[in-house]
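Just follow the structure's listing: the first ligand is 1, and inside any ligand the first atom is 1. Keep in mind that this is a model prediction, so the values were computed, not measured.
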Amino acid sequence: MKIRLQRVQHMPKQLEPGVLYVAEHFGAAAHLCACGCGAKIRTPLGPVDWSLKETKRGPTLYPSIGNWQQACRSHYWIRAGEIIWAEKWTLEEIAAGRAREQQRARAYYDNPETDRKGLGQRLWQWLREFFGLS
Ligand SMILES: [Zn+2]
């Protein structure tokens with residue numbers, strides 16, 4: 001199964017299946033759950049969220065997308081424009097995933113060295129260079 005990248009100024013209300021929408025300016029990305037259940041999956045982009053790379057074959061999102069808050073509990077990777085199915089989350093994995101997210105956020109925001117504005121600007125600059133906007 002394929003997914004393609006579409007850059008938008010604002011997130012559209014209606015999402016098409018098989019499209020990863022990215023509103024770079026807002027650090028936001030969204031797509032419809034790859035299982036077809038119709039759930040809108042939001043994956044914010046940033047140092048404590050997901051990272052996006054564009055390859056020749058399509059977008060890569062890191063880390064994986066675990067929709068444990070959805071009824072389907074789908075878990076998959078988006079790699080080079082492909083949906084790669086992973087194991088469904090077990091209850092333990094859901095708990096571990098939540099703990100990991102909290103740890104990542106805490107490590108980032110608790111670090112007195114972290115200059116949030118500077119980091120944001122560097123990241124933005126990097127994105128601009130990456131997408132050839134500079
Ligand atoms: Zn689903």
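Residues Leu52 and Pro59 are in side-chain contact: their nearest non-hydrogen atoms beyond the backbone lie under 4.5 Å apart.
Of all heavy-atom pairs between Asp49 and Arg104, the closest is O-NH1, 3.5 Å. Counting all heavy atoms, side chain and backbone alike, Ala30 lies closest to Thr43 at N-OG1, 4.5 Å.
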Which side-chain N or O atoms in residues 7-21 pair as donor and acceptor under 3.5 Å with protein atoms at least two apart or in another chain?
residue, atom, partner, partner atom, Å
Arg7, NE, Glu24, OE2, 3.0
Arg7, NH2, Glu54, OE1, 2.5
Tyr21, OH, Glu16, N, 2.9

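Shown are Ile65, Ile84, Thr60; of these, the side chain to side chain contact (heavy atoms under 4.5 Å, CB included) with Ile78 is made only by Ile65.
Screening the protein for N, O or S atoms under 2.8 Å from the Zn ion (ligand 1) yields 4; no waters enter the count.
Using modelled atom types, no side-chain atom of Tyr76 and backbone atom of Ser64 make a donor-acceptor pair closer than 3.5 Å.
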